[in-house]
Every structure is written in structure tokens, then in C-alpha cells.
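Notes for the one structure printed next.
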Amino acid sequence: MPELPEVQTVVNYLQPLLRDKTIDSLINPNGYKNVFENGQLSSYLFILKGKTITSLTRRGKYILLNLDIGYLLFHLRMTGRLMLETPDIEDMKYVSCQINFTDSSTLFFHDIRKFGRIYICNNLNWLERKLGIEPLSKEFTSNWLYNKLHCHKRLIKYFLLDQQFIAGLGNIYVDEALWLSGIHPKAYSNKINKNRSDKLYNSIKHILNKAISFQGTTIINFKYGQNNIGNFSDELQIFGKPNAPCPRCNSPIIKHYLAQRGTHFCNKCQKY
DNA sequence: ACGAATGTTGCGGG
DNA sequence: ACCCGCAACATTCG
């Protein structure tokens, strides 16, 4: 579930708590196979033991634990949670990794659907190759967006979901940003004129910033810390509201499937 | 009760 | 190049 605002919320929460902690050991209490993307638990343990966390940052939807040497990365995928609080007993079966620190605190990677992944690496070159621009960075400009849209002929929803172009948008914020800018999700990227591209640019930044200030969106699973939820759910205009009246024109919100994802839009005020 | 859907990503195929 | 379908998995909803 977590998209950029949710991942940023987790990073903001954990950053002061994790800084300066030194890794003592790693445990995979339930023996999940696919959690570790770069080898076995034993090699992770060998590399990470004794390493200290200098800071936490975010890149796209990845959480970066910057170590004194190298990096430990988490991707939450659909249901991942990263928490220093101990999960309830009945939730321990969902813990896909446990990191014990030398101060005897423990970081839990809790993940119901087990899609979440953990990476170790010496540098971030592979990640930079994989991911596009940060939508909240100063490199992301209205001209950058307009030019990129016109380099490709993609349905705009596909374009915005593609992490190789813009890193961090997901299903919720794409639907919301397209609604806000009055662009139909099936509009072709190269047919969007400068005016509408600028509107999309402003909508993306506005939605992401606002969602971060509300600690993200909780539909079902997103939580950070012990049990805190994201409050942007109440600010959603169309996502998850099929048949509800469009807040702008009262026409009923349509839900179709695009990219195998539920896609919400107003057929009247979102144009091709 | 059972099939479909859930906020993600990666792959193969047309 | 680009879109589709499916897979990974557990739970909830209609």
C-alpha cells in the first residue's frame, strides 16, 4: 500500500529513533524465503553485524538505512511495516525479519502478504538506474514533466505509475492527481498540452506534500509506529469512491480497471 | 461460500 | 515501445 507519502511518514517517524543504533544480529523468525533480495540471511548477518545506522532517507518507495559502510534498504510493497514496537503475539507470525541492535532494541519488519523486500548494497547505483526523478526535488520541474510526457506515447496513468519516470507515485495519488488536474487516466501522454501538463505538475506536488503533512493515507493496512494511521484518507476526493458524486461537477465517479488496478475518475470533467 | 479485489513490483508474451 | 496477464501472498468483502 505505501506510496511516497506513507514511506516518507515511516522515515520521518523512525529517523530519530534509529539513528546511531548498531546492528548486532538478524533473525528470520518465520523462515520466509523471498524476503532477502541479495542472498541468504547468513550473508546479510555477516555483512551487517557491527554496522551503525547514520541516517534514514527515502528514495521513491524505498526506505534507506544509511550505514557507516553501505546501505540496508527496505521496500514495503503492499503490507510491509517497519516498527521498533513489538508486534502483538498473534502478529508475530507475519514478521519477516527482526534486527536486534546492540542497545537491545529490535526493529521488526512486519509484512502480512510477504511481498516486502530487504536489500543490502555498497552503493546506490543500481537504485538510481532503476528509479526516475524525485517528484519533490528541485530537479522535477514543469518543463521536465512536459518534455518527458512528449518523449513517450503512454496512457497517462501508466506513465505516472512507472517508477522509471517518476519515483514514488502509486495508485491512490495517481488517481487523485489526475482528477485534480482534470486529465482522463487514458489520455495519451504526448497529447497533453503545456497548460494541462503544468496543471498536472502542480497537482502532483500539491497532493504529495499535503498527503505527507497528513501522515499518508490509511485505507486498510498502512500504519506507522505502534498503531498510528494516515489521516489523508479523509482528504481523498475520488479514490475508493465509485458512484459517489464528483466533488467538482457532481457526475458519478467511474471505476474501471487499468493496469490491473482499480482506476477512479470523473468521465465528465477529466478530459482526454 | 467462493471468487474477486487490495495501496507493489517483475516477468514473459504479443 | 507499450500494454496485458499473471505471479508472489493473506485477508476481507460482496
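Worth knowing before you read on, the calculation uses all heavy atoms, side chains too, and leaves out hydrogens, waters and symmetry mates. Throughout, protein chains are lettered first and strands after them, A, B, ... in sequence-line order, and every chain is numbered starting at 1.
Rounded to whole angstrom, the span from the CG atom of Asp162(A) across to the P atom of dC3(C) amounts to 9 Å. What separates CZ of Arg113(A) from P of dA7(C) is a distance of 14 Å, to the nearest Å. With rounding to whole Å, Lys186(A) atom NZ is found 17 Å from dC2(C) atom P. Rounded to whole Å, the distance from CG on Leu161(A) to P on dC3(C) is 11 Å. The nearest whole Å value for the distance from the CD atom in Gln260(A) to the C1' atom in dC3(C) is 9 Å. When rounded to the nearest whole Å, the span between OH of Tyr188(A) and C1' of dA1(C) equals 12 Å.
Here the side chains of Gln98(A) and Thr106(A) are in contact, with some heavy-atom distance below 4.5 Å. Side-chain atoms of Leu56(A) and Leu65(A), non-hydrogen and from C-beta on, do get closer than 4.5 Å to each other. For the pair Pro247(A)/Ile238(A), a side-chain contact is recorded, criterion being any heavy-atom separation below 4.5 Å from C-beta on. Side-chain contact check for Leu124(A) versus Leu64(A): some heavy-atom pair is nearer than 4.5 Å. Looking at heavy atoms from C-beta onward, Cys246(A) lies out of side-chain contact with Pro252(A) at the 4.5 angstrom threshold. The shortest side-chain heavy-atom distance between Phe214(A) and Asn209(A) does not fall under the 4.5 Å cut-off.
For Tyr146(A) and Thr141(A), the side-chain atoms include no donor-acceptor pair closer than 3.5 Å.
Judged by distance alone, the side chain of Arg117(A) and the main-chain N or O of Asn34(A) form a donor-acceptor pair under 3.5 Å.
Backbone-only contact: Glu3(A) has heavy atoms under 4.0 Å from sugar-phosphate atoms and none from a base. Residue-level contact check: Lys255(A) touches the backbone only, with heavy atoms under 4.0 Å from sugar-phosphate atoms and none from bases. Within the 4.0 angstrom heavy-atom criterion, base atoms lie near Phe222(A). Within the 4.0 angstrom heavy-atom criterion, only backbone atoms of the sugar-phosphate kind lie near Ile172(A); the bases stay farther away. Across all strands, Asp111(A) comes closer than 4.0 Å to no nucleic acid atom at all (heavy-atom distances). If you check every strand for non-hydrogen atoms under 4.0 Å, Arg117(A) touches nothing.
Sequence order on DNA chain C of the closest nucleotides to Ile220(A) and Arg154(A) puts Arg154(A) first from the 5' end. Taking the nucleotide of DNA chain C with the nearest heavy atom to each of Phe115(A) and Leu155(A), the more 5' of the two is matched to Leu155(A). When each of Lys130(A) and Glu6(A) is assigned the nucleotide of DNA chain B bearing its nearest heavy atom, the one mapping closer to the 5' terminus is Glu6(A).
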Parsed dot-bracket for DNA chain C after applying the Watson-Crick and G-U rules with both distances under 3.5 Å and | for other-strand partners is .|||||||.|||||
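Note: Tyr119(A) and Tyr62(A) meet the aromatic proximity criterion, with ring centroids under 6.0 Å apart. Ring centers of His75(A) and Phe115(A): at least 6.0 Å apart, outside the cut-off.
Taking only side-chain nitrogens and oxygens, His152(A) never comes nearer than 4.0 Å to OP1 or OP2 of dA1(C). The phosphate of dA10(C) (OP1 or OP2) has a side-chain N or O of Lys114(A) nearer than 4.0 angstrom.
Residues of residues 77-93 of chain A that place a heavy atom closer than 4.0 Å to DNA chain B, in numerical order, are Arg77(A), Met78(A).
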Evaluate Asp175(A) against Lys157(A) for salt bridge (charged side-chain N to carboxylate O under 4.0 Å, His left out), listing each step before the verdict. CA-CA 8 Å; Asp175(A) 280 8; Lys157(A) 171 138 183 174; 2.7 Å; yes
Should Glu3(A) and Lys61(A) be marked as a salt bridge (charged side-chain N to carboxylate O under 4.0 Å, His left out) after you check the CA-CA gap, both sets of side-chain angles, and the distance that decides it? CA-CA 6 Å; Glu3(A) 306 177 30; Lys61(A) 300 175 192 170; 5.6 Å; no
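Of all nucleotides in DNA chain B, those with any atom nearer than 4.0 Å to a heavy atom of chain A start and finish, going 5' to 3', at dA5(B) to dG10(B).
Going from the P atom of dC6(C) to that of dA4(B) covers 11 Å, rounded to whole Å. dC9(C) and dA1(B) have their P atoms separated by 25 Å, with the value rounded to a whole Å. Annotation: dG14(C) and dG7(B) have their P atoms spaced 15 Å apart (nearest Å).
The line from SG of Cys97(A) to OH of Tyr32(A) is 12.0 Å long, rounded to the nearest 0.5 Å.
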